[in-house]
Amino acid sequence: MKPDPARQAVDILRGVGPQLAAKLAARGLGTLQDLWLHLPLRHEDRTRLTPIAQLRQGQPAQVHGRVEAVERGFRGRPMLRVAVGDDSGATLVLRFFHFRAAQVQAFRVGSRILCHGEARGGQFSMEMVHPSYRLLDQDAELVLGERLDPVYPAVEGIGPVQLARIINHALDHLPNDDTLELLPATLFGDTRLPSWRDAVRLLHRPPADVDHAALAQHRHPAQQRLALEELLAHQLSLRRQRLAMKRRGAPALNPPGELARKLLAALPFALTGAQQRVLDTITQDLAQNQPMLRLVQGDVGSGKTIVAALAALTAIESGAQVALMAPTELLAEQHAQAFQNWFTPLGIELVWLAGKVKGKARTAALERITAGAPIVVGTHALVQEHVAFANLGLVIVDEQHRFGVHQRLALSDKGRNAPGTARDNAGERIPHQLVMTATPIPRTLAMTAYADLDISVIDELPPGRTPVQTVAINAQRRGELIERIRAACIEGRQAYWVCTLIEESEDPPAPGVPKIDAQAAQSAYELLREQLPEVNVGLIHGRMKPAEKQSTMAAFKAGDIQLLVATTVIEVGVDVPNASLMLIENAERLGLAQLHQLRGRVGRGAAASTCVLMYQTPLSQLARERLSVMRETTDGFRIAEKDLELRGPGELLGTRQTGLAGFRIADPVRDAALLPQVQAAADALLARAPQQADLLIERWIGHAVRYASA
Ligand code: ADP
Ligand code: MG
């Protein structure tokens, strides 16, 4: 039997020995197919020349000319400038900041040079910064490329030229027939897309006459063809994961009973229609002997917590354990407090578990969990090895975009084969899963990112909220703002002062980021205490001890602290309805999602709230747009849509969100128009050709797919 060409290991390629193979493997490139799908990020066109006089700002081009002058200088840092002229009579300046002495030597006035780079307007002429270039012998024949050059995503330890050569060898093994075609011809209707093989080949080796503009804008049919397939593979993988989970059993939980009724009666408010509707759906899910897999989306402040609490009571009343996991300790603590307030009067004990719970307290917590404590609230400490539940029936994950899918699954694994509750069913069982997020995204995108989940939306805010008024103010007017806080606090209002990263040096801030944030908060705190002697100022940041954080939050809740200086640790979940003023320093540095979350900390009570976005000038275009979006709307969906436009999905949904991260060629936002087709194709394929589905998943996502063991 002939070996499957796609699955052949990379070391069959000429020049690829064990060391190189190991470097490729470290990047997930183990087979020829992996190399075929290591697709270029972009292409460079060296098939033609552009006269210098015709260079255009921002456009990449290749130029052939002669060196007219070489100038080496220091303007703060070393710099090499090489003036190049051609027959068009204009001059192009090549500018280098990193260079070796030998490189400088090689440039001689009169040398022939062929260079490629992006042209931009310089002071007196067009410039290229760090172009790629080649010096030619005086009488050498000028040979231009026959194809566009692919530029590949880097692989650590392998230079770009070598990588291109390896991939080129791999392409020589691409079968000439359609053996690797996985999409049935009719799957996407008659869209006249190229075959898989032609698409792959074209993207690696685009001919000189290819529509380069289409390629650069990702609308070439070859790109569309592969993007469709990749989106389909991701969709299939999530659906598979879902099917695998649904095949397991789950404890069927009774509808809400006495406990839920008591809690509802004790609340100072009635559920909104949207909360009630979502709760009813959850109740129906929980009554099934298949696991619930539900995502509840609801804008900041829409009241997801109480819905979660009522779902928890349903489970508890049926004799199952509930685990609630939140991404930050601060948020988890807030939930623990809220749940304790609600549940203690009902005689339900709560167990708190975070990484910082140590020693005896930890042992005690673990014992109570194993003994069947009805509700456990904590951070990702809940998924640690030593945590064993007696009878976990419902897993709730808040702000799930902050977690990876794996953490959610790890938590639900804790409830595998838990002993049964009253209505049992045979086979392996896992808990019900309720995940909550305040990141609202457009529906088709949600169905792509969360194809393994059912989605409910709490699309209504509790009554009596007045929308937060948002203003953007230059930080130079800080003095005025401080007066405003003074006045507000004297009136009995409470305020947040949020400090974000202040760039104190040009050094890469990598590991020190939170520290700098904390320092900024510390100094703002000291300054504000001085300037506002009549106001009680508090401080909270991520580097404080949990007990300190907790007592500060409690004092702010109780109104003893009037002005809370904070880092972005308060971004998620903090709930102090009396706080009605928020100032955000360096707001221009934050993304829309983060600004929206932060602003969601005010506007929670009846009082009209204000959010002041302080910014430093000069503002970038992007920052300007973000600030104006924030001023215009408080609607989380509109903000998310704008955010997607400005940033793309990875950051919005969290890079660890496997649903959308790590695409090779597709971009679910740019390619949003393809998504409905993809969903329909996934249905068709799962129904009619499940083996093809497996192969597609293997091709694009690999063997490491989690559903196998979910
Ligand atoms: P989020 O959806 O952002 O997690 P929370 O659950 O923290 O929102 O709720 C925000 C605030 O609204 C809390 O103070 C909560 O007690 C309150 N709340 C929740 N539901 C209602 C309601 N139906 N009517 C009035 N207030 C409510
Ligand atoms: Mg919340």
Side-chain angles (χ1 to χ4, degrees), residues 241 244-245 247-253 286 289-293 308-309 311-329 331-333 335-336 339-340 343-344 347-398 400 402-436 546 706-710:
Q241 190 169 301
M245 296 239 230
R247 266 200 297 274
R248 310 270 159 89
L253 304 172
L286 292 176
N289 54 13
Q290 283 189 334
M292 166 170 79
L293 299 168
L313 282 183
T314 299
I316 293 168
E317 199 149 23
S318 304
Q321 271 182 305
V322 179
L324 167 61
M325 181 165 74
T328 67
E329 199 171 271
L331 176 55
E333 263 162 25
H335 280 328
F339 275 59
Q340 212 144 28
F343 287 9
T344 308
I348 298 169
E349 62 158 352
L350 178 145
V351 175
W352 163 247
L353 188 68
K356 286 182 184 138
V357 178
K358 294 249 158 73
K360 276 188 195 151
R362 185 180 174 79
T363 314
L366 293 179
E367 273 169 10
R368 285 166 67 200
I369 296 172
T370 311
I375 175 137
V376 186
V377 176
T379 59
H380 56 270
L382 293 178
V383 302
Q384 281 163 358
E385 220 178 300
H386 304 290
V387 186
F389 289 83
N391 179 26
L392 185 57
L394 170 63
V395 160
I396 305 174
V397 179
D398 195 16
Q400 76 90 42
R402 297 291 200 90
F403 288 108
V405 148
H406 302 279
Q407 277 157 312
R408 164 164 63 91
L409 297 180
L411 183 54
S412 85
D413 266 358
K414 297 274 179 195
R416 253 200 219 206
N417 280 335
T421 42
R423 282 187 282 155
D424 213 340
N425 62 295
E428 198 181 35
R429 302 183 324 143
I430 57 171
H432 296 283
Q433 295 170 37
L434 174 62
V435 302
M436 307 194 286
R706 168 64 218 240
Y707 71 82
S709 64

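Since we're looking at a predicted model, the values are computed, not measured.
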Q | Over all atoms of both residues, closest heavy-atom pair of Pro291 and Pro431 | A | CB-O, 3.7 Å
(Q) Ignoring hydrogens, what is the shortest heavy-atom contact between Phe343 and Ala309? Give both atom names and the distance. (A) CZ-O, 3.6 Å
(Q) Give me the atom names and distance for the closest heavy-atom approach of Gln321 to Ile369. (A) NE2-O, 2.9 Å
Q. Rounded to the nearest 0.5 Å, what separation is found between the OG1 atom of Thr363 and the NE2 atom of His386?
A. 10.5 Å
Q. In Å and rounded to the nearest 0.5 Å, what is the CE to CG distance from Met436 to Asp398?
A. 3.5 Å
(Q) Restricting to non-hydrogen atoms, name the atom on Ala311 and the atom on Leu394 that form the minimum distance, rounded to 0.1 Å. (A) O-CD2, 3.7 Å
Q: Answer yes or no: is there a donor N or O on one side and an acceptor on the other, between the side chain of Gln340 and the main chain of Leu350, under 3.5 Å?
A: no
Q. How long is the gap from OG1 on Thr379 to CG on Leu324, to the nearest 0.5 Å?
A. 11.0 Å
Q | Exam field: side chain Lys414 to backbone Leu392, donor-acceptor pair closer than 3.5 Å | A | no
Q) How long is the gap from CD on Gln290 to CD1 on Ile430, to the nearest 0.5 Å? A) 10.0 Å
(Q) Would you compute the distance between atom CG of Leu313 and atom CD1 of Ile375 and round it to the nearest 0.5 angstrom? (A) 8.0 Å
Q) How about Val395 and Met325: do any of their side-chain heavy atoms sit closer than 4.5 Å? A) no
Q. Is there a donor-acceptor pair under 3.5 Å between the side chain of His432 and the backbone N or O of Pro251?
A. yes
Q.
For the CG atom of Leu366 and the CG atom of Leu353, what is their distance to the nearest 0.5 Å?
A. 6.0 Å
Q: Just do the side chain to side chain contact (heavy atoms under 4.5 Å, CB included) check on Val397 and Gln433 with the steps written out, would you?
A: CA-CA 8 Å; Val397 179; Gln433 295 170 37; over 6 Å; no
**Q.** For Gly355 against Ala381, the heavy-atom pair lying closest together
**A.** N-CB, 3.5 Å
Q. What is the minimum heavy-atom distance between Pro374 and Ile348, and which atoms define it?
A. CG-CG2, 3.6 Å
